[in-house]
Student: 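Pasting a structure here, questions to come.
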Amino acid sequence: MNLDLFDDAAPQPARSESIGPRSVVLRGYALPAADALLQSLDEVIRQSPFRRMETPGGHLMSVALSNCGRLGWTTDRDGYRYTPVDPLSDQPWPGMPPAFAALGREAAAAAGFAGFEPDACLLNRYEPGARMSLHQDRNERDFSAPIVSVSLGMPAMFLFGGLARSDPAARVPLFHGDVVVWGGADRLRFHGVLPLKDRPHPRLGSLRLNLTLRKAG
Ligand code: MD3
Ligand code: FE
């Protein structure tokens, strides 16, 4: 019996769905690279482990974070910012794995953003119940560069709002291997992730990992 149809590592044509004027979901785009991405991620996490960070308002984020690349995004009581050094180790963040940079560059080009060279990769780890409330990503220096996000593990419901917090938000389900590219007019749209349901993934169990490749500096 041929079970390839049910194997999420089997190559698929990347179906692409437009979710905004300059935003596209590339379904399954990262599946061929998933093993390499997860292996590189393990090495990053050995140097800079996932940790939950405090917001300026004093709340502990439900999502645990780490970073790789020249710059990493952090938050504490003093605010949100990018730093060249991991505050946990006082060492530079782990280097950007070539497999991360290549996927970011290729996905951005497939979405119409040629020449994207990420210098930062924020790693998010969601356990069941973890969520990300509506926010804008505005700590990067140059909003003309897109952001590329890679979803791995359990599915999540992504919220995609408008340029005002009160604008209605569309719901976009994201699955293992999906890649989303946001740029141009969509770069500053509010977005978030609904509390994660526990739908264990065959490879990653009760976890969702999200990589966002950015040009921060
Ligand atoms: C849309 N992460 O880390 S990825 C974040 O799934 C973040 O972990 C979510 O929002 C996650 O900041 C969503 C996608 C994402 C990243 C940046 C965006 C979506 C975006 C910037 C503008 C519009
Ligand atoms: Fe964000």
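Just follow the structure's listing: the first ligand is 1, and inside any ligand the first atom is 1.
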Student: Has R214 got any heavy atom lying under 4.0 angstrom from an atom of ligand 1?
Tutor: yes

Student: Can you report which non-hydrogen protein atom sits closest to atom 11 (C) of ligand 1, along with the distance?
Tutor: Y126 OH, 3.0 Å

Student: Of the choices F190, W73, W182, which has the non-hydrogen atom that lies closest to atom 23 (C) of ligand 1?
Tutor: W182

Student: Could you check atom 13 (C) of ligand 1 against the protein and tell me its nearest heavy-atom contact, residue, atom and distance included?
Tutor: F158 CE1, 3.6 Å

Student: Against heavy atoms of L122, which atoms of ligand 1 measure under 4.0 Å?
Tutor: 3 (O)

Student: So how far is it from R208 CZ to S151 OG, rounded to the nearest 0.5 Å?
Tutor: 4.0 Å

Student: Do any nitrogen or oxygen atoms of H191 come within less than 3.5 Å of a nitrogen or oxygen of ligand 1?
Tutor: yes

Student: Any nitrogen or oxygen of H135, main chain or side chain, under 3.5 Å from a nitrogen or oxygen of ligand 1?
Tutor: yes

Student: Provide, to 0.1 Å, the distance between atom 3 (O) of ligand 1 and the closest protein heavy atom, together with that atom's residue and name.
Tutor: N124 ND2, 2.9 Å

Student: So among L122, V148, L152, which one has a side chain to side chain contact (heavy atoms under 4.5 Å, CB included) with L211?
Tutor: L152

Student: Just by modelled atom types, is the V25 backbone N or O under 3.5 Å from a matching donor or acceptor in the E17 side chain?
Tutor: no

Student: If the Fe ion (ligand 2) is the vertex, what is the angle to OD1 of D137 and NE2 of H191, rounded to 10 degrees?
Tutor: 90°

Student: Could you tell me whether R208 and ligand 1 have an N or O pair separated by under 3.5 Å?
Tutor: yes

Student: Starting at CH2 of W93, measure out to OH of Y82 and round the result to the nearest 0.5 Å.
Tutor: 11.0 Å

Student: Polar-atom distance check: D137 versus ligand 1, any N or O pair below 3.5 Å?
Tutor: yes

Student: Please check if V181 and L123 belong to a single hydrophobic cluster, counting links between Ile, Leu, Val, Met, Phe, Trp and Tyr side chain heavy atoms closer than 4.5 Å.
Tutor: yes

Student: For atom 22 (C) of ligand 1, which of E140, M157, R187 has the closest heavy atom?
Tutor: R187

Student: CG of L134 to CG of D167: how many Å apart, nearest 0.5 Å?
Tutor: 10.0 Å

Student: Ligand 1 versus L188, non-hydrogen atoms closer than 4.0 Å: side chain, backbone, both, neither?
Tutor: neither

Student: With heavy atoms of D186 as the reference, note each atom of ligand 1 found under 4.0 Å away.
Tutor: 22 (C), 23 (C)

Student: Go through ligand 1 atom by atom and flag the ones less than 4.0 Å from a non-hydrogen atom of V193.
Tutor: 6 (O), 9 (C), 11 (C)

Student: Please round to the nearest 0.5 Å and tell me the distance separating atom CD of E127 and atom CE of M154.
Tutor: 8.5 Å

Student: Just to be sure I read this right, does ligand 1 sit under 4.0 Å from the backbone of Q136, its side chain, both, or neither, counting only heavy atoms?
Tutor: neither

Student: Would K215 and D142 pass as an ion pair if we require N to O under 4.0 Å?
Tutor: no

Student: Less than 6.0 angstrom separating the ring centers of F143 and W182, yes or no?
Tutor: no

Student: State whether the side chain of N210 and the backbone N or O of N124 hold a donor-acceptor pair below 3.5 Å, judged by distance alone.
Tutor: no

Student: Step by step, would you call R138 with E140 a salt bridge (charged side-chain N to carboxylate O under 4.0 Å, His left out)?
Tutor: CA-CA 5 Å; R138 45 186 326 144; E140 300 75 22; over 6 Å; no

Student: Among all protein heavy atoms, pick out the one at the shortest distance from atom 7 (C) of ligand 1; state its residue, atom name and that distance to 0.1 Å.
Tutor: M132 SD, 3.5 Å

